[in-house]
Structures are given as C-alpha cells and as structure tokens.
Amino acid sequence: MSTPAGLLLEDGRPTLREEGTDAPRSSLRVGVDVGGTFTKAVAVDAEAHRVRAHSVVPTTHSAGSGVTAGVADALRGLLQSLGDERGAVQYVAFSTTQAMNALLEGDVARVGVIGMGAGRELRAAGRRSRVGSVKLAAGRELHTEHELLDVTGGLSSDDARAALQRLAARGCQAIAISGAYSVDDPEAELEVAAIARELGLPACCGHELSGAYGLETRTVSAAINAAVLPVIETTAGVVEDALRLAGVAAPLLVLRGDGGAMSTESFRRRPSFTIGSGPAAGVAAALHQLEVSDAIVLECGGTSSNISVVRRGRPVLRSLRVMGRPTSIRSVDSWVVGAAGGSLARLGRRRLAEVGPRSAHIAGLPYACFAPPEQLLESELRLEAIAPRPGDPAEYACVVAGDRRFALTATCAANALGLIPEASHAHGEAALAAFALLGRRLRTTPEEAARALLDGAVEKIAEAALEARRFHEISPQAPLVALGGAADALAPAVAQRLGVELVRPEHPEVLSSIGAALSLVRAEVARTATAADGPAAKISAARQAERECVEAGASPATVATEAAYDPAEGIVRAVATGAVQLETGAAARHLVGEEERRRAAASALRLDAERLALAAGNDFYRVYRAGDGPEEAGAGKGWTGPVAVVDQMGGVPLAEEAKGLLVGEGEELLEQLAEAVEGASVNLGVATMLPRVSLICGPHITDLSDARRGSEILAAARRAISEHDGSAVALLAG
C-alpha cells in the first residue's frame, strides 16, 4: 500500500515546486469544502497534485448569510495568499454538506407541489403526487401543500398561475412540479416552472431529476430538491461574488454526491444532487492518492463522522431514502455518526451517559485543549453541566475558568492522554487539569475520565464501521483510511477497535477540499455559427466539448453538456463538465490502449485477461465479457456471464454478472431488449420482478432499474438511443 504522492508542506506553510526547479507551477485548481465545523479552501497543482496554499475558517452557521459567509472568508484568505497567481486558477470546485445538513436539521422551505395528469391518469396522478409531510430531524418536517392541474388537451397557463398563487398564499416558498409521463413530454412542467419563477418562486421539475418512470419517486425527489432551493441560491451567489470581488474569472464547478460534476446553473436547479458531496470529496481524495482495493473510509470532523466503503477500488453508491421514502438522488453510501472530534460528554449519575451527538460547535464553545494553559489552572476551574441548545437537557460537561466556558471534547481527551502527534492539526495542550474535575465527578482519575470520553466517541464510530463492513461484505482485514481534522484524535483507536491497519494520507484535515479540486473536469468549445445552422452547431459543439472533457480525464458517464447560441455575437458556446472516475488511482491516469483496458476489465472481474473477449465498443467505452479469447468477440441475447465496461482512461464504471448482453443499433437493439426483458422477468402474482438493465450509449451509462414495467424500460431506452448515433449495449443483471 502506497502513501499519497507529492502533497508538500514546507516550514509549516504549503508550497508548490516543480521537480528540479524553485519556480512555482502556473496551473492551479481550487477546492472548497464546507463541513459542520470548518470550511476549507485549498489550491492544488493540477498536474503534480501538490498543495500550493490552503485556508481554514470556522463554518459560519450563525452569520446573517449562514455558512456562505465562511465560504467567502476561506476563499478570500486563500486567494490573497496566492497573490498574482490567482490568474492561474483554472476553476474552483465546491463540495458541501449544506443540502444534507438542511434536511438533517429541518432547515427547509415549505414546498408547494403541483401534480399534473390528463384523462384517465388524472385521478392517479393526483394521488401519486401528493407528498404530505416528510419527517426529517427529530421534531422537524418538510411540509408540502398540493395542487393538481388537469392538462387534458394541454396546459392552461391561467390555471397554472392561479394554482401557484394559491400555494404562495399558503406560505410556500418553493415549488416542485411533477407530471405523469413528463419524462416523455416535459413541456408542461417547464412552462409551470417558468410561470413560478415569474412570480418570484424558486421551482424545479421532476423530469430534471430523473428520466425514469415512477411518479411518486419523482415527486418526492422534486419536493426534497425544492425544499433546499432558496438556501442554495444564496450559497451559489455568495461564492460567485467572492470570486468576482477577488478578481478571479475562473468558473465554479460543484461536486455531486455520486462523485460527478455540475455547473453552478445546474447546482441552482438540482441542489439535492450535492447530498453526500462532502463524503464523496473525501473518498475521491483517498482513491486518487492511495492504492486501496477494499477499505473503510472514515472522515472525522468536529460534529459528525462519515463512514464510506470502497469495494474493488470503487466507492459504493446508493439511491437516497428519506424516512424510508425512495428518491432518484444518488450519492456515495455513507453512515453519518453523531460522534467526532468536538463531541461533548453527557453526564449520567456516576458515569458518562453518552458522547455526542452535541458538539462544541453546537454549544458555541472553544475546545479546552486549544485554550492557553494559564487559563486552565485546576485551582481556578469548576465543572458545569450545560444545555448546548435550547430544549437540550442541561447534562453536557464543560469547564468554567473565570467568565469563560470551555468544552471537554473527544479531541481534548486524546490530547490529555498524549495520543496526538505534535505536528497534527488536532494537537493541543494536555488539559489534564480539566479532566481532573471530570474524574472527581466520575470518581476516577483524570486519565480514566479522558479515556471514558474518548472511548464513548470511538465506540459509536466503530459500531457504524462494523455495520458498513458487514452490510457490504468487505473483508475484515480491509484497512481504515483516516480523513478529517479530528482523524488523529479518533481514527487510531477506531482502527485498533476494528483490528485493522490504519492508513493516514497527508493533510487529512483538508483532504476533502483536495479531492474536490482534483476530481472535476471542464471543457469549453466556442465556434462561429449563423441562425440557420445554430441548432446543428449546438449539437456539434456539445459533442466536441464532451470528447475534450473525456480526453482531459473525466469519466464519460459523468459528463454533462450545456450548449447555447448567442445570436448577437453569432457564436455557439458549449460547456462540458465531468469528474474523474471514483476509482483507485484514477486522478493520475491518461488515455490507455486496448491491452491496458483489457487488463483493467480483468482486474475488476478478477479473471485472467486471456479469458476476456471484446463484445462491443464506441468512442468512449470498451465492453468485455468472459470468453475463450478475442476470437470469441461478440454478444447475443442469450449470452450470460461476467461483463466489464472500461472507459478511455482504464476506469471501470460497470462490472456485473450479466443475465444478458445485447449489442445493436436503433430498433434492432430495442427488439432484442424487449424479448430479453420479457424472458428475464419473473411474475410474482401481485407484481412482476424485472431484470436490472443498464444501457451504454455514447458517453452515458443509463441505469433503468427504477422502471416498474417492461414498457418503461423500452421507452427510456428508446429516448437514450435516439440521442446518439451508432451501436448501443444493453446489459441485463439480476
């Protein structure tokens, strides 16, 4: 197992040097990550993967503009330290837990849901688009109001406007529009959204979040997305303003929870896609820098810890469920634990009742271990039990020195026990005097009191890590990768508790920001065009931008393009955004040849390369299947066995045990797919169990597993195939 390559910090300050020269490099990427306790900004060399500068500030939850104030502060500090090199910044990559935190804390807008249906579908559409209230945090709910529009014969804009005005009168601050079969015909949804925005209401459409059928899932997804639209609009604006005021013209990209990328315009429309982007950034950094196949990735912050799973060199993804209700939002599968470096101890009668979920940040207290030693003289201290927030029990331990309170945290405990190296971000004073007070309360020694606090946090995290390991059937020997500012305080004890090797990347406290900076890719194409050839020129420019984005290192499946024609300038401009494959070593990859692709497929399938045959290929992918050799290449509707899809960089976005592998063009493939889906479906009486179908078409891999009927699979496949020329591949799995 190797250590991270080339993240340098000289004389306590981040620096960047070319090999063999003292001159700094000129190509920089900036990553910004908003955590529960700290907001981090890092400038990284795009090619050498070395830190150039970084800035860490407290996350500003209590500021008038919320956490966005801290984002602006971190960016200003970072860009100021770069000086004239600000002009070398290629782009700013942003990852945030803001959407997830808004849901967890219930800090969401009241949402108006507009359902739409026609003819015989109207009644069912009304029932399936009625979301009601969605439980979020304890005592917090997402409240929705509902209106149903009859679009038989077409949408009435007057009816839509009246419905929106009624929702606004009932206190709705954002709108979710969800129509039956809108994935096939989204015009009505788009028109209602446009009217909502004219009325000053942020709005989103169900078809923008998922191209799959299933009105209930699309509606819940749209409601959750709409609930965070107002706060995200503020965030995007503040970050863009901070860059503008700093004189940086670099574009802003946003990391998605599934490791993909999105533009700021897409971020404004689909903020729910960033749920999980914080853990995704940390996992991305670990995969880019460490040679791990199976691993548990632990990111320890101040308030919470995230546990993610890497299996066969790739993170496990999932579809988000909110209180058991499925959505179309994909993210890195992570366990969020209410225990971290800043966790407070809740006092019982003669022991600690619990460690966390409340933290020093929530209570607004500084850590005792970071206080000047002269302020923590035992003779002048007293122990006090506080309520971190109104409504909390007054049972959380802190120490009082004069007129100041200090938190006793898990990080303080690790420092008191001498467990944190001096060079660590989490290193502070021993603060044993403070733990002497806690020890007297617990009738034990200061060291044993500190150990009890630390163990309370470690036990919570270790239990979640064990659950993740069991759930995803990861080897008990898989190492623990430690990220986050509190990693040195907690991760060694967690690894010991699990009985596994601990892997420490360099700069764990800012690694999520590094992961965001190294993960995202952008390509822009501009070309002259006339009004007559504008539509065709947009398609051509989009395809070129797509190819350039992939050639720059993006995984094809993550690439999204936006193209527009400016008649005033006579220019078509296309922008493609994407992300490096979330896979071990992907950030350092380059375009590879056929044999390297075959070896990558063999590694993913754990087979000998000689056993693989090339089944299909296009400009972006090669599809390999198990066979007797290259001469067996080809696929048919009856073929089953291991299949791997490999991109141009040798990344493996899909590896499955296939029940069927189909290759063809247009109607030919659709006919094969219809027959194969029917043959692989199982009638259970009350329902039919469909096969999982993935479609490889152009640069995109479309997951059709959300479909409820075989006809929905075929309709979605027809849409995807119509957007790209050439052959496509359909893979059926159990």
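FYI, the numbering just counts along the sequence from 1.
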Once rounded to the nearest 0.5 Å, what's the spacing between atom OG of Ser304 and atom CD of Glu299? 9.0 Å
Examine distances only and state if a side-chain atom of Ser331 and a backbone atom of Gly257 form a donor-acceptor pair shorter than 3.5 Å. no
Contacts of Arg441 that satisfy side-chain contact (heavy atoms from CB on, under 4.5 Å) - sequence neighbours left out: Leu347, Leu383
Assess whether side chain to side chain contact (heavy atoms under 4.5 Å, CB included) is satisfied between Leu298 and Val481, documenting all intermediate values. CA-CA 6 Å; Leu298 167 63; Val481 178; over 6 Å; no
Sub-4.5 Å side-chain heavy-atom contact between Leu253 and Met262: no
What are the two closest heavy atoms between Ala493 and Val458, and how far apart are they? CB-CG2, 3.6 Å
Determine whether Lys40 and His54 satisfy the following criterion, side chain to side chain contact (heavy atoms under 4.5 Å, CB included), listing intermediate values before the conclusion. CA-CA 7 Å; Lys40 292 86 64 179; His54 74 248; over 6 Å; no
Leu480 and Ala491: which non-hydrogen atoms are nearest, and at how many Å? CD2-O, 3.7 Å
Of all the heavy-atom pairs spanning Phe406 and Leu365, show the shortest one and how long it is. C-CD1, 4.5 Å
Side-chain heavy atoms of Ile307 within contact of Ile461, under 4.5 Å: yes
Hits for side-chain contact (heavy atoms from CB on, under 4.5 Å) against Ala600, two or more places apart or cross-chain, chain-then-number order -> Val646, Val652
I'd like to check Arg405 versus Glu384 (side-chain heavy atoms, cut-off strictly below 4.5 Å). Are they in contact? yes
Charged N-O contact under 4.0 Å between Asp45 and Arg29: no
Looking at every heavy atom in both Cys300 and Ser305, which two are closest together, and how far apart are they? CA-OG, 3.7 Å
Interatomic distance, Ile296 atom CD1 to Leu498 atom CG [nearest 0.5 angstrom]: 8.0 Å
Please report the shortest heavy-atom distance between Pro393 and Pro388, naming the atom on each side. O-CD, 4.3 Å
Minimum heavy-atom separation for His427 to Ile420, with atom names? CD2-O, 3.2 Å
Heavy atoms, side chains only, cut-off 4.5 Å: are Leu432 and Pro446 in contact? yes
Quick one: side chains of residues 463-470, donor-acceptor pairs under 3.5 Å with protein atoms, not counting sequence neighbours, listed by atom name and distance.
from	atom 1	to	atom 2	distance (Å)
Glu463	OE2	Arg497	NH2	2.9
Glu467	OE2	Trp335	NE1	3.4
Arg469	NH1	Pro476	O	3.2

Rounded distance [0.5 Å steps], CG in Leu453 versus CZ in Phe435: 5.5 Å
Minimum side-chain heavy-atom gap Ser308-Ser334 below 4.5 Å: yes
Side chains of Asp333 and His472 only: does a donor on one sit below 3.5 Å from an acceptor on the other? yes
Run the salt bridge (charged side-chain N to carboxylate O under 4.0 Å, His left out) test on Glu656 and Arg692 for me, step by step, so that the C-alpha distance in whole Å, both residues' side-chain angles and the decisive distance to 0.1 Å come before the verdict. CA-CA 11 Å; Glu656 293 268 13; Arg692 289 188 295 109; 3.1 Å; yes
side-chain contact (heavy atoms from CB on, under 4.5 Å) involving Ala457 - partner list, sequence neighbours excluded: Ala339, Val355, Ala410, Leu490
Look up atom CG in Leu438 and atom OG1 in Thr445, then write down how far apart they are to the nearest 0.5 Å. 10.5 Å
Side-chain heavy-atom pair Val32, Leu75 within 4.5 angstrom cut-off: yes
Does any non-hydrogen side-chain atom of Phe370 lie less than 4.5 Å from one of Thr411? yes
How long is the span from the CD1 atom in Ile275 to the CG atom in Asp258, to the nearest 0.5 Å? 11.5 Å
Using only atom types and a distance under 3.5 Å, with no angle test, would you say the side chain of Asn415 pairs donor to acceptor with the backbone of Cys412? no
Could you tell me if the side chain of Leu454 sits less than 4.5 Å from the side chain of Leu419, heavy atoms only? yes
Going by side chain to side chain contact (heavy atoms under 4.5 Å, CB included), Leu437 matches just one of Val399, Leu442, Val400. Which one? Val399
Distance in Å, Asp73 CG paired with Thr39 OG1, rounded so as to fall on 0.5 Å steps: 9.0 Å
Residues in side-chain contact (heavy atoms from CB on, under 4.5 Å) with Ala43, at least two apart? Val30, Arg52, Leu78, Leu82
Residues forming a salt bridge (charged side-chain N to carboxylate O under 4.0 Å, His left out) with Glu354, sequence neighbours excluded: Arg346, Lys460
